[in-house]
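Here the structure is laid out as structure tokens; the discussion comes afterwards.
Residue numbering restarts at 1 for every chain, and letters A, B, ... go by the order of the sequence lines.
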Amino acid sequence: MFEMMIEILIKTVVILGLPLGALPLIIHVERRGAAFMQKRLGPNRVGPFGLFQPLADVAKFMFKEEVHPAHVRPFFYTAAPMIALIVAILPLACIPVAAPFEAFGRTIFPEVFRSDMGIFFAFAASALGSYGILLAGWGSNNKYSMLGALRACAQMVSYELSLSTSVVAMIFVFSTNDIHVMVAAQQGYWFNFIPKWGFFMQPVAAMLFLVGIFAESNRLPFDLAEGESEIVAGYHLEYSSMKFALFFMAEYIHMIALSTLFIIMFFGGYNLLPGLELIADKIPLPIALFQVASLVVKIALMVWFFVWVRWTLPRFRYDKLMDLGWERLLPIGIANLIVTVLFVYFRN
Amino acid sequence: MSIYYYLAAFLFCLGLLGTIFKKDLISILLCLELMMSGVALLFILFSKSTGFLGAQLMVIFTMIISACEVAIGLSLIIALYRKKQTIYTDDIKIITE
Amino acid sequence: MAIDIFLTIITVIFALMLVFSKRTVVSAFALLMTLLTLALIYFQLGSIFLSAVQVLINAGAIAILFVFVMMLINLEQFQNNREKSKIKLVISTFTMLVVLGVLALVINNNIETLSVNNLTDNSMNALFSKLFSTYFLPFEMATVLLLAAIVACIVITTHEKQLVEEETELHKMEPKL
Amino acid sequence: MEFASFVVFVIIACTLSAVLLGISSLLGQKRKIIRENDIYESGVNAVGSASRQYDIKFYLTAILFLLFDVEIVFLLPWVLAYKDSPNHDFMLGGFIFFMAIMLVGYIFIINSKALKWEE
């Protein structure tokens with residue numbers, strides 16, 4: 001019993017520590033990347049190459065005064081950022097960082113919430129994401145934040161549909177819900193140079209999921225709900241110091257969780273390249289650490305892709321955004337599903 | 001496992017109390033949703049105790065029916081609110097106009 | 001056994017919060033928490049697929065719909081001038097106690113047979129093979145029900161102005177025929 | 001076992017967010033002057049209650065999301081049960097019927113211009 005508790009704590013600390021620890025780094029990469037693209041320098045005063053700038057930001061958020069506007073609904077005003085953070089952390093429980101490995105005499109499953117419905121649980125938990133935003137809009141009780149919250153939620157909700165069609169298509173191709181089986185299915189090569197990743201099996205579903213990630217985590221070009229030039233920073237308008245930082249963290253962790261799902265389904269999960277299956281099926285600890293490192297490398301590439309897209313694509317107008325979600329992506333998702341089903345049916 | 005039977009019965013009756021007791025239509029719909037979840041919990045318990053797997057499938061169908069019911073119920077509430085600017089049960093007693 | 005009691009207490013707290021809260025948004029939030037704890041109970045009872053579907057549909061779509069509607073209909077103007085009639089409270093608690101008493105009595109009588117667990121394999125493919133062999137018709141009829149719900153919702157909420165425009169267009173076409 | 005670890009995970013997540021809020025309310029300066037409820041210096045005084053009548057399209061998107069989400073989640077058992085189902089033609093027939101009805105609903109939405117935002 002005692003050893004089990006230790007294992008649970010270690011797993012939670014590792015799986016929570018990775019995104020939260022990497023958060024200042026990601027913010028720093030975002031600001032330096034943006035600066036790099038706009039031919040300016042970006043923060044480089046605090047510490048070597050400005051690496052301590054995010055820590056300074058976090059300290060600033062800690063020490064700023066908690067402004068509590070009077071016209072605000074107290075319960076929802078303080079509950080909304082906490083809900084946003086908790087809901088953003090929930091999908092991380094079902095995502096494994098490595099294959100089940102042998103350590104201390106028994107196989108350890110590296111995810112907190114071991115179930116053979118891994119993908120579906122992670123996706124269901126990310127469906128709750130629009131709750132923090134709605135309550136924030138309702139809690140801060142002014143027209144701009146309510147309108148921003150409604151817009152952000154309507155956008156997240158309508159892109160979740162096309163996201164779920166692509167998830168269903170991928171589950172159909174791998175015919176399993178378990179993440180480990182899915183990653184194991186992506187081993188091996190076609191004509192020994194194209195790796196057997198989900199991306200090459202289902203390019204359309206991959207594109208849909210990628211667009212869905214941007215829309216779901218309110219990143220540019222879909223960040224109309226909180227765009228400064230649109231409606232004055234949308235739902236987190238009335239929030240000041242730490243509560244605003246919580247929203248910020250929730251958005252980044254939500255983005256990391258969705259991009260890990262994307263990597264697991266389309267880019268071979270925690271195996272760097274599909275050459276690793278030569279080792280016996282009992283994976284010792286060092287190989288597992290190597291897998292964790294490869295997953296972190298892939299997530300870093302995804303984060304850089306986010307930053308790259310953020311400073312290249314302009315922002316959508318709201319009706320174009322909703323039209324894209326309902327009239328363009330959803331039929332593509334349904335058609336992709338029908339085509340895969342028919343293809344698999346007639347192939348055997 | 002046996003405590004969940006009492007929980008399911010309690011949820012159902014609490015929803016019943018809520019539907020009778022509540023004033024505005026949205027809360028009535030909320031309490032109806034609570035009754036539906038009580039029934040769904042009972043279905044799962046019966047599927048576990050009798051070993052008949054079809055009861056768990058019935059839970060999926062109850063979820064679909066409750067989704068449709070909430071969808072149409074809330075549309076009616078919206079239509080009523082646009083016409084009469086109120087959703088309180090005391091003001092909507094007149095059928096005629 | 002301790003987990004059962006722990007989860008039951010949490011569900012009961014949120015259900016009471018749902019029914020006896022003054023403001024409707026607080027009860028909508030309580031409904032979301034009840035549905036999430038029910039999903040935990042389903043998982044603890046072993047039906048994994050149902051808890052995932054419960055989280056996605058009930059907690060992830062229906063509860064959000066309630067908060068959406070609450071944002072559309074501002075309830076603050078009704079809040080203060082509504083007095084709660086005592087008779088209604090007495091009658092409703094009386095009916096609730098009667099129904100609860102009957103159910104508790106029924107459960108109490110055959111609690112032994114009810115709480116034995118003879119579900120052989122609770123795995124998902126057993127569940128799905130049953131769904132697609134004996135219960136295939138409800139699977140198909142569910143989409144027809146959803147189609148009816150889609151059509152009904154759109155017709156109810158789109159304003160008459162839009163429908164009136166369609167009629168006028170029809171009249172305009174007629175003389176040409 | 002994984003149930004206990006999930007509950008521990010959720011508890012740690014809740015305490016984390018509570019601790020973060022707690023630290024900032026402790027460390028932040030306390031300037032309890034009534035000035036807090038007036039608007040930021042360049043803002044206009046808020047007029048009227050916040051929840052005025054919002055567009056119906058928001059509600060309609062959420063309602064249509066619910067109904068289509070139920071249909072897509074219903075596809076998941078089909079997708080998982082296809083591999084080891086006895087005869088595939090029976091399953092495919094069901095899938096075609098399911099998708100036909102779903103597409104009828106979808107075409108109805110597009111034609112009825114229910115989600116058109118620009119007017």
Side-chain angles (χ1 to χ4, degrees), chain A residues 71 73-77 79-80 83 86-87 90-91 93-94 113-141 143 145-154 156-158 160-161 163-164 167-168 171 175-178 235, chain C residues 2 14 17 21-33 35-40 42-76 79 121-128 143 146 150 154:
Chain A
H71 65 281
R73 291 186 174 93
F75 172 64
F76 288 107
Y77 182 73
I83 293 172
I86 295 167
V87 167
L90 274 187
C94 330
F113 187 57
R114 172 83 197 98
S115 83
D116 53 6
M117 291 273 290
I119 287 275
F120 198 45
F121 266 117
F123 184 67
S126 78
L128 292 174
S130 44
Y131 232 87
I133 295 173
L134 263 181
L135 291 184
W138 176 260
S140 32
N141 197 7
K143 300 187 188 54
S145 60
M146 242 188 203
L147 196 58
L150 279 174
R151 276 184 170 190
C153 262
M156 281 176 79
V157 146
S158 52
E160 220 176 285
L161 271 182
L163 213 66
S164 48
V167 167
V168 165
I171 291 176
S175 81
T176 162
N177 241 331
D178 189 350
Y235 50 89
Chain C
F14 282 126
M17 191 169 137
S21 77
K22 288 283 174 299
R23 301 210 320 266
T24 338
V25 189
V26 169
S27 52
F29 177 67
L31 175 77
L32 167 77
M33 300 314 280
L35 295 175
L36 284 177
T37 26
L38 270 174
L40 278 181
Y42 293 166
F43 185 82
Q44 213 250 334
L45 282 177
S47 49
I48 303 164
F49 177 69
L50 286 181
S51 75
V53 167
Q54 163 91 351
V55 168
L56 193 67
I57 294 183
N58 270 353
I62 291 182
I64 285 183
L65 200 55
F66 274 115
V67 181
F68 252 79
V69 169
M70 252 157 244
M71 281 180 135
L72 273 172
I73 303 176
N74 47 15
L75 302 163
E76 263 49 44
Q79 221 57 42
D121 68 339
N122 201 350
S123 74
M124 276 200 306
N125 9 31
L127 188 72
F128 297 152
T143 52
L146 286 166
I150 291 171
I154 291 182

From [X] atom [atom1] to [Y] atom [atom2], the distance as rounded to the nearest 0.5 Å:
{"X": "A/F120", "Y": "C/L56", "atom1": "CZ", "atom2": "CG", "result": "5.0 Å"}
{"X": "A/L135", "Y": "C/M71", "atom1": "CG", "atom2": "CE", "result": "7.5 Å"}
{"X": "A/I83", "Y": "C/M33", "atom1": "CD1", "atom2": "CE", "result": "7.0 Å"}

query: What residues form a ring-ring contact (aromatic ring centres under 6.0 Å, His included) with C/F49, not counting sequence neighbours?
result: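 Listed in chain order: C/F128.
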
task: Please name the pair of heavy atoms, one in C/A52 and one in A/A124, separated by the smallest distance, quoted to 0.1 Å.
output: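 Heavy-atom minimum between the residues: O-CB, 4.1 Å.
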
query: If you look at every heavy atom in A/A154 and C/F68, which pair is closest and at what distance?
result: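 For A/A154 versus C/F68, the nearest heavy atoms are N-CZ, 3.9 Å.
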
field: Contact origin within A/L150 toward chain C - heavy atom pairs under 4.5 Å
entry: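 Answer is both: backbone and side chain atoms of A/L150 are under 4.5 Å from chain C.
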
Which atoms of C/L36 approach chain A - backbone, side chain, both or neither, heavy atom under 4.5 Å: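 Contact with chain A is through the side chain of C/L36 alone.
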
field: Residue C/A61 versus chain A: region with a heavy atom under 4.5 Å
entry: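 Neither; nothing under 4.5 Å.
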
- request: Give every residue pair that meets the side chain to side chain donor-acceptor pair (under 3.5 Å) criterion with at least one member in residues 118-131 of chain A, sequence neighbours excluded.
  value: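 Pairs touching residues 118-131 of chain A that pass the test: none.
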
query: Stepwise, does the side-chain contact (heavy atoms from CB on, under 4.5 Å) test hold for A/F76 with C/R23?
result: CA-CA 12 Å; A/F76 288 107; C/R23 301 210 320 266; 3.5 Å; yes

Audit row: C/F29, A/W138, side-chain contact (heavy atoms from CB on, under 4.5 Å) steps and yes/no: CA-CA 12 Å; C/F29 177 67; A/W138 176 260; over 6 Å; no

- prompt: Given the options C/V55, C/L32, C/V67, which has more heavy-atom pairs under 4.5 Å with chain A than any of the others?
  reply: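 Most pairs with chain A among the choices: C/L32.
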
